[in-house]
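Note sheet for the following structure.
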Amino acid sequence: MRIQKTPFIFLFLQFFFLNVTFAQKLSEVDKIVAKYPKSFSTTEKLAERIQDDFKSDSDKARAIYTWIALNLKYDYNAYLNPPRTQGFTYSTEAEKQRKIQQLNDKLVQKAFTSKKAVCEGFTALYQHLASLTGLKSEIVRGDSKTSLRDIGRKNTSSNHAWNMVLVDKKWRLIDVTWGQGYYDSSKGRMVNDFNPVYFDTDPDYFFAKHYPDSGSYLGSRISKEDFLNGPLIFNSTIENDYKIKSPNSGLIEAKNGDKITFEIKNVSKSDQVFYLNKKNQPVKVQNAKEKRGGLEFQILIDSNVGEYITIFVDTNSVVSVKIISK
């Protein structure tokens, strides 16, 4: 980030050092939680340990995230073969709520003891531990955007779940399921890879990859069209604050000879920026220029460009768009 006006330098430095201190503080939380036992006899025992070690709501919220992400694995088999929905009968609203709570308690305990779950188990356990440590947390269900084929889908579906947790009177967005790792298609298995990027994620980034069933966040409407048709972003995009200034859409109508302009914040000429052609060969971007704290460049649409263009910065995928032939 460039500071062009002297009066703002002091404020910027204050902001910078406050955030560095906060990041270091969270890093210390992770180090402490990483030394916890992989198993506790009860969720109450784990909650007590967290409350003994951490006093602030932000540290407790982070500690819960970290312990779950480090110790639970995504149950890919259960995802592929989901159990039948368990129904029940009831005669009063009180009985209905009691039975719902029983099912939720069962889900929490299964995730806690087996150390395996899909997103419903991750989110239920997070909410449960948050409650035990005095935090307010909600579960949000909705759609997720994770692959190239998600760009330009016609509609949303309820296929994922995540949490919000109230810290310092502000709701923080959390996806502990994605924080624990990812699915490696080349190996055909889940890979545990702790990632803090989905704890207290910037809403702009979060809702580029998540769309709540309600279509809103804290009362504000979220654009369904922007979610479905927007570019696909990746973990490294969020980690490095690579805001995609251009293109605005993930669906690009173009013909041979057209040029697509990309502008990505916090990238410079010193970075290795490239994309892959149809043969999966890297093609370095040409004639890039630094602009407004980022990098602007163009890609020529020709016979070597495939259906999708994915931009890489120093080997990390940053953004993908879909090319629609005119």
Side-chain angles (χ1 to χ4, degrees), residues 19 26 58 61-62 65 69 74 118-120 122-124 126-127 130 136-183 195-252 262-267 294 308 310-311 316-322:
N19 278 274
L26 291 179
S58 59
R62 177 58 174 247
Y65 175 93
Y74 189 84
V118 293
C119 57
E120 287 83 0
F122 278 91
T123 53
Y126 189 95
Q127 184 184 48
K136 184 178 180 181
S137 175
E138 301 289 344
I139 295 174
V140 183
R141 292 175 176 82
D143 197 356
S144 61
K145 190 172 185 175
T146 59
S147 67
L148 293 174
R149 63 178 178 271
D150 288 328
I151 303 173
R153 273 194 282 123
K154 297 300 181 184
N155 216 327
T156 57
S157 63
S158 189
N159 59 28
H160 192 43
W162 56 91
N163 294 91
M164 295 195 306
V165 62
L166 191 62
V167 174
D168 298 330
K169 298 181 181 180
K170 178 183 176 182
W171 286 103
R172 316 287 174 148
L173 293 161
I174 291 173
D175 191 336
V176 68
T177 308
W178 287 4
Q180 64 83 43
Y182 61 92
Y183 179 74
N195 194 334
V197 75
Y198 291 107
F199 176 83
D200 193 12
T201 313
D202 183 316
D204 287 344
Y205 288 127
F206 197 87
F207 292 117
K209 299 180 72 65
H210 300 75
Y211 187 82
D213 287 343
S214 66
S216 66
Y217 171 62
L218 301 184
S220 299
R221 298 296 297 176
I222 297 172
S223 172
K224 182 176 177 180
E225 183 180 50
D226 286 352
F227 170 78
L228 291 171
N229 298 334
L232 176 67
I233 64 170
F234 300 85
N235 289 357
S236 60
T237 317
I238 307 173
E239 290 166 358
N240 296 287
D241 194 22
Y242 291 146
K243 282 191 169 62
I244 313 304
K245 308 296 287 186
S246 180
N248 294 322
S249 175
L251 298 175
I252 309 296
F262 287 82
E263 184 183 346
I264 305 175
K265 183 182 175 182
N266 295 325
V267 181
Y308 298 95
T310 297
I311 304 299
N316 293 313
S317 48
V318 171
V319 61
S320 294
V321 297
K322 182 177 181 178

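Nothing here was measured: the structure is a model prediction, and the numbers come from that model.
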To the nearest 0.5 angstrom, please state how far the CD atom of E120 sits from the OG1 atom of T177.
-> 8.5 Å
Measure from the side-chain N and O atoms of D168 to the backbone N and O of K170, and report whether any donor-acceptor pair falls under 3.5 Å.
-> no
Considering only heavy atoms from C-beta outward, does the side chain of P196 approach that of R62 to under 4.5 Å?
-> yes
Is any side-chain heavy atom of K209 less than 4.5 Å from a side-chain heavy atom of I233?
-> yes
Could you check H210, K224, H160, R153 and say which one makes a side chain to side chain donor-acceptor pair (under 3.5 Å) with D143?
-> R153
Which atom pair, heavy atoms only, marks the closest approach of A161 to C119?
-> N-SG, 3.6 Å
From CA spacing to verdict: side chain to side chain contact (heavy atoms under 4.5 Å, CB included), L148, T310 | CA-CA 9 Å; L148 293 174; T310 297; 4.1 Å; yes
Is F206 close to W162 at the side-chain level, that is, under 4.5 Å between some pair of heavy atoms?
-> yes
Taking the side chain as every heavy atom from C-beta outward, state whether V318 and I244 have any atom pair closer than 4.5 Å.
-> yes
Distance from F207 atom CZ to S223 atom OG, nearest 0.5 Å?
-> 12.5 Å
For L228 and T156, run side chain to side chain contact (heavy atoms under 4.5 Å, CB included): C-alpha distance rounded to whole Å, both residues' side-chain angles, the deciding distance at 0.1 Å, then the answer.
-> CA-CA 7 Å; L228 291 171; T156 57; 3.8 Å; yes
Verify side chain to side chain contact (heavy atoms under 4.5 Å, CB included) between I311 and I264, making sure each step is shown before the conclusion.
-> CA-CA 10 Å; I311 304 299; I264 305 175; 4.1 Å; yes
In sequence, state the C-alpha distance, the side-chain angles, and the governing distance for W171 and K136, and then conclude on side chain to side chain contact (heavy atoms under 4.5 Å, CB included).
-> CA-CA 9 Å; W171 286 103; K136 184 178 180 181; 3.8 Å; yes
Value for CG (L251) from CG (N229), rounded to nearest 0.5 Å, stands at 4.5 Å
Validation row: D241, Y205 side chains within 4.5 angstrom (heavy atoms) = yes
How many angstroms lie between CG in L166 and CZ in R172, if you round to the nearest 0.5 Å?
-> 8.5 Å
Main-chain N/O of N159 paired to S157 side chain as donor or acceptor, under 3.5 Å | no
Hey, what do you get for OG1 (T201) to CG (D175), rounding to the nearest 0.5 Å?
-> 7.5 Å
Could you check if a side-chain atom of Y126 sits within less than 4.5 angstrom of a side-chain atom of V165, using non-hydrogen atoms only?
-> yes
Identify whether NZ of Lys or CZ of Arg in K145 sits under 6.0 Å from the centre of the six-membered ring of Y211 and within 45° of that ring's axis.
-> no
Which heavy atom of G179 sits nearest a heavy atom of Y65, and at what distance?
-> CA-OH, 3.2 Å
Return yes if some donor-acceptor pair links the side-chain N/O of N163 with the main-chain N/O of T123 below 3.5 Å, else return no.
-> yes
Donor-acceptor contact below 3.5 Å, side chain Q127 vs main chain S137 | yes
If you take all heavy atoms of Y74 and V118, which pair is closest and at what distance?
-> CE1-CA, 3.7 Å
What closest approach, in Å, do V140 and P212 show between heavy atoms, and which atom pair accounts for it?
-> CG1-CB, 3.8 Å
Distance, nearest 0.5 Å, that separates NZ of K245 from CD of E263 = 7.0 Å
Correct closest heavy-atom pair for S214 and R221 would be O-NH1, 3.1 Å
Do T146 and W178 have side-chain heavy atoms sitting under 4.5 Å apart?
-> yes
Closest non-hydrogen contact found for N266 with Y242 is O-CE2, 3.3 Å
Using a 4.5 Å cut-off on heavy atoms from C-beta on, say whether the side chain of N240 contacts that of V267.
-> no
